[in-house]
Amino acid sequence: MPPKKTRAQNGKIQKRPVEEDLDEIEEEVKMESEDQQNKNKKENTSNDKPKSDDQDILKKLGDDDPIPKEFYNCCVVDLAQKLIGTYLVRVLDDGTILKAMIVETEAYKAPLDKACHAYNNKKTEKTKWFWQDGGYLYMYSIYGNNNCMNIVSATKDEPEAVLIRALEPIQGIQVMKKFRGSNPKLKDKDLTNGPGKLTQAINIDKDYNGHALFEKGKLYLVKGLDKSAVQIEASKRINIDYAQEWVDKLWRFTLKGNKFVSK
DNA sequence: TGTTGGATCCGCT
DNA sequence: GCGGATCCAACAG
């Protein structure tokens, strides 16, 4: 059976006047993302350390201090890499603490990125959460009851977000298994190796839209692996066949050699 | 209001 | 690797 045609393949994504206005800066963004990809390649091969200001921010933090808001106020492609190796802390109502390391991310950068839900500045009830400051969550459900978690980057004027695609469970593995269902065959490595699986494992859903990750609460982010221990691989984003030329961006980032990544 | 399709998951082969 | 399940937001009429 031939694959189903997407809306884009059916020609339903067509240029609208507002997009024509964007054409002028499209070339500029293309150059910017090519620069970014070159930078990625360099960073991936030379194991460069992150910018000194980020290092300063992280150095001052205790192991359980939330990473402050300014960490998120950067380009989404930068943030997607900076998040690799950080720890997500989930505090349940009964005080149980779940902890997991981010090992796979994808960057989505509206208004030009055709893979992004906020493409062409499409602001709806679902996507309005893109227009927040960096450090807040955008949650959405897809293919039934699969919730996906995104961390908004930059500022409220720039609709960009990082999709969290996989985590490595660190603490509370049995509780995560319980949230994932009662399948006794479920292996640790299959617990959080997908965007829908990980939100189920830490028990969050669309109610977490707009949640601040930089404040200590039910869900926050803390520093994790030492940056010198983090080697990042860049690849193409997954399952965005409809996104035309944006399919080829190397905006998926994984922790090199980690067995908890989704594919 | 009905139809379409997707940033996924899971079971089966 | 393939295909069905699933359900909700977006969109067309």
Side-chain angles (χ1 to χ4, degrees), chain A residues 1-16 18-19 33 76-77 79-81 83-84 102-131 137-153 159-167 176-177 179-209 234-254 260-263:
Chain A
M1 195 171 79
K4 275 192 255 179
K5 279 191 175 178
T6 64
R7 284 183 191 178
Q9 285 163 339
N10 278 328
K12 287 184 184 176
I13 290 182
Q14 286 169 352
K15 285 203 172 180
R16 283 170 270 185
V18 63
E19 190 187 349
S33 62
V76 68
V77 180
L79 183 63
Q81 295 170 81
L83 288 170
I84 300 288
I102 296 176
V103 297
E104 181 179 347
T105 60
E106 281 180 359
Y108 289 87
K109 188 180 171 69
L112 297 172
D113 178 5
K114 288 175 181 162
C116 184
H117 292 164
Y119 166 62
N120 215 358
N121 285 321
K122 192 175 79 173
K123 195 170 186 176
T124 66
E125 202 49 38
K126 175 181 160 183
T127 64
K128 65 182 181 186
W129 306 99
F130 270 91
W131 283 265
L137 291 188
Y138 159 52
M139 303 287 301
Y140 68 92
S141 66
I142 193 166
Y143 299 109
N145 255 352
N146 300 301
N147 289 294
C148 297
M149 171 185 169
N150 294 255
I151 301 175
V152 176
S153 73
E160 313 175 356
V162 177
L163 171 68
I164 308 301
R165 284 195 57 90
L167 301 173
M176 292 186 202
K177 276 190 178 165
F179 283 135
R180 287 274 283 114
S182 52
N183 180 2
K185 288 182 185 169
L186 187 67
K187 296 174 186 164
D188 286 1
K189 81 168 187 58
D190 295 322
L191 198 50
T192 51
N193 62 342
K197 296 180 191 177
L198 71 90
T199 55
Q200 194 181 22
I202 61 172
N203 195 29
I204 63 168
D205 57 21
K206 282 187 289 182
D207 288 347
Y208 278 75
N209 258 319
S235 55
K236 291 181 187 178
R237 295 174 293 178
I238 292 173
N239 291 343
I240 53 159
D241 297 344
Y242 55 89
Q244 299 167 2
E245 73 274 21
W246 294 83
V247 168
D248 295 323
K249 298 285 177 212
L250 300 176
W251 283 0
R252 172 175 176 248
F253 303 101
T254 55
F260 293 89
V261 302
S262 67
K263 282 185 184 178

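Computed from heavy atoms alone, side chains included, the values below leave out hydrogens, waters and symmetry copies. In the text below, chain A, chain B and the rest are named by the order of the sequence lines, each starting its count at 1.
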Query raised in the report: Residues two or more places apart in sequence or in another chain: which of them pass salt bridge (Lys or Arg N to Asp or Glu O under 4.0 Å) with A:Arg180?
Result: none
Requested in this report: Could you check how far CE of A:Met139 sits from P of C:dC8, rounded to whole Å?
Outcome: 15 Å
Report task. Take atom NZ of A:Lys206 and atom P of C:dC7, then tell me their distance rounded to the nearest Å. Result -> 12 Å
Report summary line: For A:Ser153, the side-chain contact (heavy atoms from CB on, under 4.5 Å) test, sequence neighbours excluded, returns A:Val76, A:Leu79, A:Glu160
Query - Plane angle bin for A:Phe130 and A:Tyr138 - parallel if under 30°, tilted between 30 and 60°, otherwise perpendicular - result: tilted
Query - Atom-pair distance (CG on A:Asn121; P on C:dA10), nearest Å - result: 15 Å
Query raised in the report: Does anything in residues 184-193 of chain A pair up under salt bridge (Lys or Arg N to Asp or Glu O under 4.0 Å), and if so which pairs, sequence neighbours excluded?
Result: A:Lys177-A:Asp188
Report summary line: Per-residue pairing states of DNA chain B in dot-bracket (Watson-Crick or G-U under 3.5 Å; . unpaired, | other strand) read ||||||.|||||.
Report summary line: Contacts of A:Ser262 meeting side chain to side chain donor-acceptor pair (under 3.5 Å) (sequence neighbours excluded), chain-then-number -> A:Glu104, A:Arg165
Query raised in the report: Listed by chain and number, what are the salt bridge (Lys or Arg N to Asp or Glu O under 4.0 Å) partners of A:Lys236, not counting sequence neighbours?
Result: A:Asp248
Query raised in the report: Between C:dC8 atom P and A:Asn147 atom CG, what is the distance in whole Å?
Result: 10 Å
Side-chain atoms of residues 140-147 of chain A: list all donor-acceptor pairs with protein atoms under 3.5 Å, sequence neighbours left out, distances to 0.1 Å.
residue  : atom : partner  : partner atom : Å
A:Asn146 : ND2  : A:Ile142 : O            : 3.2
A:Asn146 : ND2  : A:Tyr143 : O            : 2.8

Report summary line: Each nucleotide of nucleotides 7-13 of chain B classed B (base within 4.0 Å of a protein heavy atom), S (only sugar-phosphate) or -, in 5' to 3' order, makes BBSS---
**Report entry** Listed partners of A:Phe260 passing ring pair (Phe, Tyr, Trp, His ring centres under 6.0 Å), at least two apart
**Finding:** none
Query - Sugar-phosphate only, base, or nothing, as touched by A:Lys185 at under 4.0 Å among non-hydrogen atoms - result: nothing
